[in-house]
Amino acid sequence: MIVFRVVLPFLAGYYLSYVFRAVNAVLGPTLAREFSLSPTELGFLTGVYFFSFGLFQVPLGVLLDRFGPRRVNGALLVLAAAGGMAFSQAQSFETLVLARALIGLGVSACLMASIQAFVLWFPAERTGTMIALAYSMGGLGAMTASFPLDAALNHFHWRQIFIGLSATVLLLSLLFAIWVPEHASRAQPAPLAGQLSGLRRIIRDGAFWRIAIALGTSQAAAVSLFTLWMTAWLRDVAGFSRAEAALSLAWVSAALILGYFFFGRLADAFARRGRSPLPLFAGGVAGALTMLALLALGVTSGAVLLWAAFVFLGSGATVANSIATRRYPREMAGRVNTLLNTFTFTGAFVGQWATGAVLNLFPPTAIGYDPRGYAYALWALWLVQAAGLTWLWSGRRLVYAVK
């Protein structure tokens, strides 16, 4: 029963949040033409989802630990539905930005609420696998936003698609209100003063900062490229058509799902042996850096495989949640994970916007953006990601010392 009343509703929420997150990877060129958007504006529009999402993470952590994942997630999904409807009716760039920011705010609890729910409902030795399952729904959402979305655009206007998504999200919020149970530990909200005290404890932890910054710099490359600029790179550098790029996004999304389960299962195996999953994080990000270097060099032979390997290895960064949460009591899981997510989504926002700004420095081509711009942007992301990993690894003794 727990599968139907707890697991599936939370997974559905994160799945839909990722559809919204990745939709511009295919829809971006259409929006750019219809609203005459520059690459900087397209990057900002796509990234503002991550900005509002990340901006709300700190108060979200307090809300999750105080009121529980069911109530918080269900209430915020109403805002996501409203944002989706506003996006479907937008007639200007400014309205698109505000609507997408509202979507980001509305789905800001989907992943963290899922993680907290699984921490509450499942034993510690299964947490890594359950978190991997939650993340895999993001990959499935990205897959839905690839060639299925491209095919749907041949039959429906993008505005109609957003109306359908918004209606689905609203129905899910009602499901949280009437079907999903409350965990026993959430029967009495924790005192607010205690919640804030726990937040201060996390902020003062030097190891947490190393984990969070390494995660943020990693996702500044992985998420920002995967959810927007990868398909544009395939078009402008590798010469793919829109349909070919959309299909490639589906294959790379499958690699993302595999990566989540691969690293999640390994993280659980490490936990059973009492070992930190930090080497998994470092190994995954180091491998992703290798793939990103090849892409930055303009290697197009086996381009889809390179992108799939980049995303697969980059998914290893998600074990940061397992690394960080093991340093604190279980009742602090919401604050730990949402504070981590602040760095994830701030990194993704900056990465998408900055990549667009770099592309905007070069004159557009007949089909898209200048390939030289991608080289500069990808190398910049490589340097940022490498710096975050280096700082984390240099302080690994501090990270290994569980409090």
Got a second to check how far [X]'s [atom1] is from [Y]'s [atom2], nearest 0.5 Å?
X      : Y      : atom1 : atom2 : answer
Thr227 : Phe50  : OG1   : CZ    : 3.5 Å
Cys110 : Phe53  : SG    : CZ    : 7.0 Å
Leu8   : Met137 : CG    : CE    : 9.0 Å
Leu305 : Phe310 : CG    : CZ    : 15.0 Å

Evaluation steps, side-chain contact (heavy atoms from CB on, under 4.5 Å), between Leu11 and Phe118: CA-CA 11 Å; Leu11 293 182; Phe118 297 157; 4.0 Å; yes
Parallel, tilted or perpendicular, as decided by the 30° and 60° cut-offs, for the rings of [Y] and [X]:
X      : Y      : value
Trp209 : Phe343 : perpendicular
Trp353 : Phe44  : perpendicular
Phe226 : Tyr18  : tilted
Phe10  : Phe176 : perpendicular

Please evaluate residues Arg210 and Ser394 with respect to the criterion side-chain hydrogen bond (donor to acceptor under 3.5 Å, both in side chains), reporting the C-alpha separation (whole Å), side-chain torsions for both, the decisive distance (0.1 Å), and the verdict. CA-CA 9 Å; Arg210 290 180 183 267; Ser394 67; 3.2 Å; yes
Enumerate the salt bridge (charged side-chain N to carboxylate O under 4.0 Å, His left out) contacts for residues 133-159, please, sequence neighbours excluded, ordered by first and then second residue.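 Listed by first then second residue: Glu34-Arg159, Asp150-Arg242.
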Name all pairs fulfilling the salt bridge (charged side-chain N to carboxylate O under 4.0 Å, His left out) condition that reach into residues 347-368, sequence neighbours left out, sorted by first residue then second. none
Trp379: ring-ring contact (aromatic ring centres under 6.0 Å, His included) partners, not counting sequence neighbours: Trp382
Going by the rule ring-ring contact (aromatic ring centres under 6.0 Å, His included), which residues pair with Phe262 if we only count those two or more places apart in sequence or in a different chain?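 Expected list: Phe312.
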Presence of salt bridge, Arg71 and Glu182, under 4.0 angstrom: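 Salt bridge: yes.
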Please list, chain by chain and in numerical order, all residues satisfying salt bridge (charged side-chain N to carboxylate O under 4.0 Å, His left out) with Arg372, sequence neighbours excluded.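 Expected list: Asp370.
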Salt bridge (charged side-chain N to carboxylate O under 4.0 Å, His left out) partners of Arg21, counting only residues at least two apart: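 Arg21 satisfies salt bridge (charged side-chain N to carboxylate O under 4.0 Å, His left out) with no residue once adjacent residues are dropped.
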Could you check whether Arg235 makes a cation-pi contact with Phe240, meaning its NZ or CZ is under 6.0 Å from the centre of the six-membered ring and within 45° of the ring axis?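 No - Arg235 does not lie over the ring of Phe240 by the 6.0 Å and 45° rule.
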Name the one of [options] that satisfies side chain to side chain contact (heavy atoms under 4.5 Å, CB included) with [X]?
X      : options                       : value
Met291 : Val299, Leu313, Val311        : Leu313
Leu60  : Leu55, Leu76, Asn73           : Leu76
Gln57  : Asn341, Asn337, Leu339        : Asn341
Val58  : Ile203, Ile202, Thr342, Leu63 : Thr342

Whether over 12 other heavy atoms sit under 6.0 Å from Phe93 CZ: yes
Measure across [X] and [Y] and return the closest heavy-atom pair with its distance rounded to 0.1 Å.
X     : Y      : value
Pro69 : Leu64  : CA-CD2, 3.6 Å
Leu96 : Ala90  : CD2-CB, 3.5 Å
Val72 : Ala109 : CG1-CB, 4.3 Å

Side-chain donor-acceptor pair present, Ser315, Thr318, cut-off under 3.5 Å: no
Less than 3.5 Å apart, any donor N or O on the side chain of Asn360 or Tyr369 sitting next to an acceptor on the other?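 There is no such pair between these side chains.
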Beyond-backbone contact of Leu225 with Leu292, side-chain heavy atoms, under 4.5 angstrom: yes
Run the side-chain contact (heavy atoms from CB on, under 4.5 Å) check on Phe20 and Phe162 step by step: do they pass? CA-CA 9 Å; Phe20 277 123; Phe162 262 84; 3.7 Å; yes
Would you check, one step at a time, whether the test side-chain contact (heavy atoms from CB on, under 4.5 Å) holds for Gln116 with Met112? CA-CA 6 Å; Gln116 189 188 26; Met112 295 298 100; over 6 Å; no
Between Trp393 and Phe281, does a ring-ring contact (aromatic ring centres under 6.0 Å, His included) hold up when you go through it step by step? CA-CA 10 Å; Trp393 193 248; Phe281 181 107; 9.7 Å; no
